[in-house]
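Residues: numbered from 1 along the sequence shown. Just so we're clear, the structure is a prediction, and the values are computed from it rather than from any experiment. Atoms within a ligand are numbered from 1 in the order they appear, just like the ligands themselves.
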Amino acid sequence: MQCTTSELRQSRGVIESYREFLPVSDSTPIVSLGEGNTTLIYCPQLSKRVGRGCEVFVKNEGVNPTGSFKDRGMTVAVSKAMERAASAIICASTGNTSASAAAYAARAGILCIVILPTGKIATGKLLQAFAYGAKMVAIDGNFDDALGIVRELGDSHEFVIVNSINPDRIAGQKTAAFEIVDVLGDAPDFHLLPVGNAGNITAYRAGYREYQAHQKSTKVPAMIGFQAAGAAPIYYNRIVEKPETIASAIRIGNPASWKQACAAIAESHGAIDFVSDQEILAAQSWLAKHEGIFVEPASAASIAGLFKCCDSNEAAYAFQNIPEASRIVCTVTGHGLKDPDAITQAMKELKPVAATVNDVRHAIGL
Ligand SMILES: *Cc1c(COP(=O)(O)O)cnc(C)c1O
């Protein structure tokens, strides 16, 4: 049978790839931008850092269509919204959820409404929501106020809420765990990732368990989650009223999936830990310069966490005595270009020199 050009060229997206594991039927209209199937990159420098013959892989979610893992959940949430004949989706977000929601709504031809809390907004993410044509409403209030309004409007059935309180989002996000097992041939021994609202750690845990139940893997990894030091409610086991961190995607004081995250960590014999903003920025820079992977600050929390596990006596999980040849996967959740403000300082120090070979040689340091 001959394929049409569109069939040949289009990447399948997570629903077509993992249909039997997702809450869709033949009558669900699929809204996809070819998300998922992201690279799992072997990282020699990170592996060397861990030692003991361990292999470290980075699951690079920044290569999704809108630059973060949120697209995995959004394809399912927006497809289900279309099945219910919704005319609009709505979310509270200053970041990647709104960028992703806006793109999938555009793809589906429906309205996307974004309720923006006041506060620091990563330039790239805000710009994406505008570019995809979302209806943006800024409020004089924080994220919790925005989500409260979203919940009330969503109750009216005119709008479908696509924040992670929508279970279709979590269902879609678990496909990242499937992909890792499909590539490695089994689950890794350890999985490290940043934790904000804790939807993603919940989703990975669900994905690994489901694959094990289907005999596609023999084990589930120890899940090790990292919060930012100024936004570590799960670590401290209390709500943080005013969460503060440069890593805006994990600036969350009262995670929506708190209980599920604790269950995932306990059942997998994993851990929850925190990393400082300084450690996050150092890890972001290190990963870009040593492995060629540029991620946003929140994403670097998993790498900063890996370093902490290797180096610090205070780490919640110490790697000094992990079994030799362990396989470790770190998820990096979003692309570095989304949040350029942290890097631009170095750029400002760039001063032009005279346009001669000698001046350029001198500037290079030759
Ligand atoms: C949403 C997000 C997170 C946090 O994920 P949760 O599911 O809320 O724990 C981390 N990093 C990035 C880039 C994100 O967009």
Side-chain angles (χ1 to χ4, degrees), residues 35 38 58-74 77 91-103 121-122 124-126 128-129 143 147 162-177 191-207 223-228 231-235 243 245-262 264-265 272-275 280 283-284 287 293-305 330-340 342:
E35 62 293 317
T38 56
V58 162
K59 181 68 168 161
N60 188 12
E61 291 290 277
V63 301
N64 274 299
T66 76
S68 87
F69 73 84
K70 299 296 197 296
D71 295 341
R72 292 180 184 276
M74 208 55 75
C91 65
S93 169
T94 60
N96 287 327
T97 294
S98 54
S100 185
I121 296 164
K125 302 176 189 180
L126 188 60
Q128 285 182 291
F143 178 84
L147 191 60
V162 296
N163 281 102
S164 65
I165 52 177
N166 179 334
D168 298 329
R169 285 267 313 276
I170 305 291
Q173 284 172 210
K174 74 188 175 188
T175 57
H191 192 123
L192 281 61
L193 76 171
V195 172
N197 258 314
N200 213 27
I201 193 170
T202 302
Y204 270 101
R205 177 71 178 147
M223 306 293 302
I224 309 179
F226 294 94
Q227 304 188 294
I234 300 177
Y235 180 83
T245 167
I246 189 158
S248 55
I250 53 171
R251 193 189 292 143
I252 306 281
N254 187 8
S257 300
W258 192 325
K259 279 207 186 87
Q260 295 91 317
C262 290
I265 291 157
I272 187 80
D273 205 341
F274 67 86
V275 284
I280 285 172
Q284 180 192 32
L287 190 66
I293 305 167
F294 179 36
V295 303
E296 70 168 278
S299 309
S302 57
I303 306 302
C330 299
T331 295
V332 293
T333 43
H335 201 284
L337 287 174
K338 282 172 166 287
D339 194 357

Residues in ring-ring contact (aromatic ring centres under 6.0 Å, His included) contact with Phe69, at least two apart in sequence or another chain: none
Report the residues that fulfil ring-ring contact (aromatic ring centres under 6.0 Å, His included) with Phe294, sequence neighbours left out, ordered by chain and then residue number. none
I'd like a table of the close N/O pairs between ligand 1 and the protein (anything under 3.5 Å), one pair per line with both atom names and the distance.
residue: ligand 1; atom: 7 (O); partner: Gly199; partner atom: N; Å: 3.1
residue: ligand 1; atom: 7 (O); partner: Asn200; partner atom: N; Å: 2.8
residue: ligand 1; atom: 8 (O); partner: Asn197; partner atom: N; Å: 2.7
residue: ligand 1; atom: 9 (O); partner: Gly196; partner atom: N; Å: 2.8
residue: ligand 1; atom: 9 (O); partner: Asn197; partner atom: N; Å: 3.3
residue: ligand 1; atom: 9 (O); partner: Ala198; partner atom: N; Å: 2.8
residue: ligand 1; atom: 11 (N); partner: Thr333; partner atom: OG1; Å: 2.7
residue: ligand 1; atom: 15 (O); partner: Lys70; partner atom: NZ; Å: 2.6
residue: ligand 1; atom: 15 (O); partner: Asn96; partner atom: ND2; Å: 2.7

Can a side-chain donor-acceptor contact be found between Asn200 and Gln173 if the only test is distance below 3.5 angstrom? yes
Any donor-acceptor pair under 3.5 Å linking the side-chain atoms of Lys125 with those of Ser98? no
Under a 3.5 Å distance rule, please check whether Asn163 uses its side chain to pair with a backbone N or O of Ala92 as donor and acceptor. yes
List for me each residue that meets salt bridge (Lys or Arg N to Asp or Glu O under 4.0 Å) alongside Asp71, sequence neighbours excluded, and say none if there are none. none
